[in-house]
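Working notes, beginning with the structure itself.
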Amino acid sequence: SARQFRQADFVPKAVQVLQQTGVRPHLLELELTESLVLDNVDDSVAKMHLLRTKGVRFSVDDFGTGYSSLAYLTRLPLHQLKIDQSFVRNLGVRHTDDVIVQTIIGMARNLELEVIAEGVETAEQRDFLARHGCDLYQGYLLGRPMPAQELRQLAQALVPSSSA
């Protein structure tokens, strides 16, 4: 949470949890909002760099809805930008949102950042994103949240069984 990230001992606590659990740090991706990062840029950058040296990755969540100071993007050890669903929702409906999404994708690619779109619910949205270079997305396009057991059953049904 933002409150935890702002705590002075956040980095050592996070490193301790990684060590205690044995989680491989490169599999941990922390999502930070623009407003959290910009609240205290120097502190955020320092914490992110320390965790990055351990292998932790960072994503800016809801990109484009906060203060959107582009200057900080070059200072942060980011791995990914997440396009806010408010822009994705209006793809193909509102030309300005089409342009904003294309711009975010292009900027992320030029900065060698992964880009993921939030709130993808239709094939048309997914296809638009794919045409413009975004092939990662979150949303209800492929399914709604479900209990873990149902997800396991669905996954098993999709995997072809091997016949002996």
Expected output: side-chain [X] to main-chain [Y] donor-acceptor under 3.5 Å:
| X | Y | value |
| --- | --- | --- |
| Gln19 | Gln16 | no |
| Lys54 | Ala14 | no |
| Asp135 | Ala130 | no |
| Lys47 | Phe5 | yes |

Non-hydrogen atoms of [X] and [Y] that approach each other most closely:
| X | Y | value |
| --- | --- | --- |
| Val115 | Ala108 | CB-CB, 4.0 Å |
| Thr21 | Leu18 | OG1-O, 3.4 Å |
| Lys82 | Ser59 | CG-OG, 3.3 Å |
| Leu129 | Ala117 | CD1-CB, 3.5 Å |

Pairs touching residues 89-129 that satisfy ring pair (Phe, Tyr, Trp, His ring centres under 6.0 Å), sequence neighbours left out = Phe128-His132
inquiry  = Please report the interatomic distance CG(Leu30) to CZ(Phe10), rounded to the nearest 0.5 Å.
reply    = 5.5 Å
task = Hey, could you give me the CG/CG distance between Leu32 and Asp61, rounded to the nearest 0.5 Å?
result =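 The distance works out to 9.0 Å.
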message = Run Gln138 and Ile116 through side chain to side chain contact (heavy atoms under 4.5 Å, CB included) and show every step you take.
response = CA-CA 7 Å; Gln138 295 174 324; Ile116 185 169; 3.7 Å; yes
key: Close side-chain approach of Leu51 and Val15, heavy atoms under 4.5 Å   = yes
Exercise answer: donor-acceptor pairs, residues 84-91 side-chain atoms, under 3.5 Å, sequence neighbours excluded:
unit_1	atom_1	unit_2	atom_2	d
Asp84	OD2	Ser86	N	2.9
Asp84	OD2	Ser86	OG	2.6
Asn90	ND2	Ser86	O	3.4
Asn90	ND2	Asp97	OD2	3.1

ask   = In terms of side-chain heavy atoms, does Gln4 have a donor or acceptor partner in Lys13 at a distance below 3.5 Å?
value = no
ask   = Do other residues, nucleotides or ligands put more than 12 heavy atoms under 6.0 Å from Gln20 CD?
value =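 Atom CD in Gln20 is packed in, count exceeds 12.
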request  = Could you tell me whether Arg131 atom CZ has more than 12 heavy atoms of other residues or ligands within 6.0 Å of it?
outcome  =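 Check passes, neighbour count above 12.
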inquiry  = Taking ring pair (Phe, Tyr, Trp, His ring centres under 6.0 Å) as the definition, give me every residue that meets it alongside Phe58, ordered by chain and number, with sequence neighbours left out.
reply    =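 By the ring pair (Phe, Tyr, Trp, His ring centres under 6.0 Å) rule, Phe58 matches no residue at all.
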key: Test side chain to side chain contact (heavy atoms under 4.5 Å, CB included) applied to Glu121 and Leu141, step by step   = CA-CA 4 Å; Glu121 297 185 2; Leu141 176 63; 5.6 Å; no
request  = Verify side chain to side chain contact (heavy atoms under 4.5 Å, CB included) between His49 and Val45, making sure each step is shown before the conclusion.
outcome  = CA-CA 6 Å; His49 276 293; Val45 168; 3.3 Å; yes
query = Looking at Arg52, Arg57, Arg24, which one forms a salt bridge (charged side-chain N to carboxylate O under 4.0 Å, His left out) with Glu29?
reply =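 Output: one option passes, namely Arg57.
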task = Give the C-alpha distance, both sets of side-chain angles, the deciding distance and a yes or no for side chain to side chain contact (heavy atoms under 4.5 Å, CB included) between Leu113 and Gln80.
result = CA-CA 5 Å; Leu113 299 173; Gln80 180 183 80; 5.9 Å; no
